[in-house]
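Computed over heavy atoms, backbone and side chain alike; hydrogens, waters and symmetry mates excluded. These numbers were taken from a predicted model, which means no experiment stands behind them. Sequence lines set the chain letters: A, B, ... in the order given, protein chains first and strands last, and positions in each chain run from 1.
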Number of protein chains: 2
Amino acid sequence: MPPDVLETLVSLCKRRGFIFQSSEIYGGTGSVWDYGPLGVELKNNVKARWWQSMVRERGDIEGLDAAILMHPKVWEASGHVSGFSDPLIDCKACKSRFRADKMDEARCPRKPSKHPGEYADCQLTEPRQFNLMFKTFMGPVEESASVVYLRPETAQGIFVNFLNVQQATRQKVPFGIAQIGKAFRNEITPGNFIFRTREFEQMEMQFFVEPGTDMEHFEAWKARRMEWHLSLGLDPSRLEFHQHAPDELAHYAKAAFDIQFDFGGTLGFQEIEGVHNRGDFDLRRHQEFSTKKLEYVDQVKNTRYLPFVIETSVGADRVTLAILANALREELVPGETEGRTVLGFHPALAPIKAGVFPLTKKDGQPEMAEKLAVDLRKKFPVFYDEAGAIGRRYRRQDEAGTPFGITIDSDSTKNDDVTIRFRDDMGQIRVSSSRVAGVIGEYLAADIPTADSRLVP
Amino acid sequence: MPPDVLETLVSLCKRRGFIFQSSEIYGGTGSVWDYGPLGVELKNNVKARWWQSMVRERGDIEGLDAAILMHPKVWEASGHVSGFSDPLIDCKACKSRFRADKMDEARCPRKPSKHPGEYADCQLTEPRQFNLMFKTFMGPVEESASVVYLRPETAQGIFVNFLNVQQATRQKVPFGIAQIGKAFRNEITPGNFIFRTREFEQMEMQFFVEPGTDMEHFEAWKARRMEWHLSLGLDPSRLEFHQHAPDELAHYAKAAFDIQFDFGGTLGFQEIEGVHNRGDFDLRRHQEFSTKKLEYVDQVKNTRYLPFVIETSVGADRVTLAILANALREELVPGETEGRTVLGFHPALAPIKAGVFPLTKKDGQPEMAEKLAVDLRKKFPVFYDEAGAIGRRYRRQDEAGTPFGITIDSDSTKNDDVTIRFRDDMGQIRVSSSRVAGVIGEYLAADIPTADSRLVP
């Protein structure tokens with residue numbers, strides 16, 4: 001990847017409808033992004049895959065969808081009201097506000113000096129803590145009694161529902177609760193496209209275990225979560241673990257590893273998932289602040305205790321960005337002068353599974369192609385395109401990451417055979433139109449997007 | 001349905017893990033609810049079904065997932081800053097606040113009078129407008145320049161992205177953009193469980209059409225949307241259209257129909273979806289406020305215009321509540337003294353598709369049953385249960401709305417046959433364990449949850 005991989009992606013994502021700047025016609029909203037037609041399918045595929053592997057295929061993890069607005073005491077118990085803050089410095093002269101740890105790189109916005117870190121006419125205060133939670137008011141009166149926060153993480157929705165879920169489902173420890181949802185952080189320095197944004201989506205799972213067994217579960221989840229990222233087709237050489245040193249550990253964490261992905265360019269290796277041993281910090285705090293017993297009763301061993309929690313926390317937007325960066329390639333096509341841009345997505349993640357193309361706009365080809373597209377759409381997302389040269393239509397779908405192209409030509413309307421063209425190796429096979437859904441279905445199930453495979457009929 | 005249908009549902013939903021009060025251990029958050037393990041699957045099934053029919057099966061509707069935080073000018077253009085408000089009356093003596101249109105039913109909370117509508121010691125102000133949008137601040141400074149709102153509807157995310165989507169996808173009018181997402185309204189009088197909440201989820205589609213063709217599209221969408229609700233298994237006699245009279249029409253609407261569902265009890269018929277002809281109100285306002293041209297260029301007719309918009313707007317939580325109310329029944333079981341509670345969900349919507357039950361905990365039955373559960377979970381959600389009498393286990397799944405029960409008995413471990421029991425008619429069939437996935441798959445595809453059907457092998 002070239003160093004400007006993010007710039008390339010921002011531009012490609014806008015042009016092809018993966019991701020747009022939020023409220024772009026009004027000049028944009030700072031570090032907030034909208035997912036377009038291809039982006040929403042890509043991200044939904046990521047979320048569905050996570051849900052399938054974490055909830056639906058397991059008997060010991062339950063799903064949850066807790067609300068964004070929670071009781072304000074939740075954030076006192078979690079430590080976010082007192083501890084989730086950045087130090088800021090105000091200027092009494094120009095009314096600007098700076099991050100204390102970035103003063104060396106900034107300058108006064110009203111009277112900019114030549115060099116960063118110089119604030120000649122500024123009257124700077126001592127650093128003060130600025131809380132990163134978005135604050136709002138519930139009910140008609142804007143007063144402290146009605147303050148609520150947009151949740152800065154989904155995890156607390158799981159902790160406060162721990163006993164409700166356990167009792168409704170009769171799960172026994174060890175078991176987990178999983179959730180996908182939006183969270184909000186009023187970051188002072190967001191950036192890097194959808195990597196660090198003020199509004200983002202998390203996929204979190206908290207696994208409740210008996211104290212003393214926590215480190216073995218921690219190691220097992222580390223391994224499982226790395227397996228999951230590999231199953232998305234992310235390049236193994238671009239994935240690594242990063243262990244938090246003792247001075248990096250969050251206040252709640254006994255042990256923590258990040259799974260990092262190499263985004264390339266100046267961004268390099270960055271966290272896309274965290275695996276944490278939170279001990280019983282959260283349940284203990286909520287028990288204290290709510291004065292409700294949150295102990296698990298083990299009826300076999302006849303004991304009761306606060307379980308320890310192994311947490312796996314993925315940024316859905318970050319994984320989506322990793323998948324985009326991993327998939328992007330520009331390559332020469334043998335025998336052609338122009339190169340092509342390809343998003344080589346894992347077929348299961350591709351927003352569109354197949355393009356359907358009549359070779360020409362006459363002789364019944366569009367009608368046959370449209371009928372095929374309507375049939376296929378019952379099974380998977382399909383894009384119908386009859387505009388322009390066929391080579392150009394292929395290239396457009398290469399750039400959208402569509403793994404299969406189906407072309408209807410003058411023979412097709414006679415003998416009912418169509419061509420399936422493969423995105424990655426550009427190989428082609430010829431099959432009966434009635435078998436297209438089945439053949440592509442087999443390729444999708446097998447995650448094989450090339451023609452030279454055992455599946456070629 | 002008895003008049004206390006909502007009370008019955010609130011209690012059942014908590015007990016079985018469909019829906020919990022948000023932050024319950026802290027006394028709850030006003031009119032905010034969390035979806036538990038069964039609720040999140042049910043609601044996800046509703047959303048997936050809407051997305052399948054509105055986006056994936058159509059070539060003329062594109063998906064979108066715009067952010068909750070948008071540029072504040074969006075809400076000036078949409079009319080929400082000036083017009084989205086309720087009139088409130090303050091009391092200067094007791095500092096209470098009342099909805100002006102509900103004064104007849106309320107009383108002073110500090111010194112309650114015997115009769116509502118009497119405010120002996122109150123000093124009431126004139127009514128003032130209170131905006132229903134949740135306000136927050138982006139960036140570190142809480143000042144007017146940094147005010148942003150939580151979106152009160154998803155629609156505006158579609159309007160501001162209209163040209164971005166059209167250009168990226170090369171769609172031609174008529175075409176639509178569809179979106180599922182959270183919205184927030186600081187309601188003064190929320191209530192009725194998940195019917196009117198401060199945080200809720202919408203499934204909205206805006207269909208852009210040529211002016212003059214709008215009423216024919218409006219009629220077509222009215223019919224299609226009613227069909228969709230019927231496809232969920234909602235009782236036709238509990239669904240009806242309600243036309244907005246001229247004095248009911250919103251400021252943006254040329255014509256509007258609600259689709260109402262009869263929730264029973266005191267709630268009765270209530271809106272679950274709105275179909276609106278919004279004309280070009282929204283695009284015109286955004287064009288004016290952003291000073292960006294938002295016209296669609298028709299290259300065939302060589303014209304340019306602001307399209308009219310036909311909107312279909314469903315409350316995901318309201319449809320989910322309708323599905324719960326529609327499914328709930330208490331019935332006598334022939335030959336038994338105790339009745340049973342059933343959630344007779346359409347099989348495609350049921351959170352769990354099959355329960356798997358070893359008849360006893362010995363003779364290899366649990367092992368065979370667990371192995372079957374693991375296999376089936378790759379296809380659909382399955383609940384494994386070995387605790388208690390088999391009749392009680394069936395009843396638990398009836399109450400969870402699980403359409404199929406699979407029982408492994410002492411014969412099963414010898415001849416590999418298992419029993420499939422049907423939730424609705426309690427009929428039973430016997431099939432080989434290797435065929436269970438296929439047989440249930442056929443029933444699911446055909447939406448038939450009774451034994452006496454053409455599918456019985």
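- Neither the backbone nor the side chain of B:Ile177 comes within less than 4.5 Å of any heavy atom in chain A.
- If you measure heavy-atom distances from A:Asn131 to chain B, you find no contacts under 4.5 Å at all.
- Proximity of B:Ile25 to A:Phe289: side-chain heavy atoms (C-beta onward) are nowhere separated by under 4.5 Å.
- B:Leu150 is listed as a side-chain neighbour of A:Leu150, based on a closest heavy-atom distance under 4.5 Å.
- Contact annotation for A:Val32: only side-chain heavy atoms (C-beta onward) come within less than 4.5 Å of a heavy atom of chain B.
- Only the side chain of B:Leu88 comes within less than 4.5 Å of a heavy atom of chain A; its backbone N, CA, C and O stay farther away.
- A salt bridge links B:Glu41 with A:Arg56: the closest approach of a Lys/Arg side-chain nitrogen to an acidic carboxylate oxygen falls below 4.0 angstrom.
- Using a 4.5 Å cut-off between heavy atoms, B:Val74 touches chain A through backbone and side chain atoms alike.
- Contact annotation for A:Ala67: both backbone and side-chain heavy atoms come within less than 4.5 Å of a heavy atom of chain B.
- The candidate with the highest count of non-hydrogen atom pairs below 4.5 Å against chain B, out of A:Arg170, A:Gln52, A:Gln156, is A:Arg170.
- Judged purely by atom type and a 3.5 angstrom limit, A:Asn186 uses its side chain to pair as donor or acceptor with the backbone of B:Gly139.
- Both the backbone and the side chain of B:Glu57 come within contact range of chain A, judged by heavy atoms closer than 4.5 Å.
- Using modelled atom types, one side-chain atom of A:Thr29 and one backbone atom of B:His71 make a donor-acceptor pair closer than 3.5 Å.
- The side chain to side chain donor-acceptor pair (under 3.5 Å) test with A:Tyr26 singles out one residue from B:Lys73, B:His286, B:Glu76, and that residue is B:His286.
- In this structure, chain A has a heavy atom under 4.5 Å from the side chain of B:Arg396, while its backbone stays farther away.
- Looking at A:Trp33, the atoms closer than 4.5 Å to chain B (heavy atoms on both sides) all sit in the backbone: N, CA, C or O.
- Under the 3.5 Å distance criterion, the side-chain polar atoms of B:Asp65 are left unmatched by any main-chain donor or acceptor of A:Gly36.
- Remark: side-chain polar atoms of A:Glu24 are not paired, donor with acceptor, to backbone N or O of B:Asn161 under 3.5 angstrom.
- For A:Ser22 against B:Met70, the heavy-atom pair with the smallest separation is OG-CA, 4.2 Å.
- A donor-acceptor distance shorter than 3.5 angstrom exists from the side chain of B:Thr136 to the backbone of A:Lys135, with no hydrogens or angles considered.
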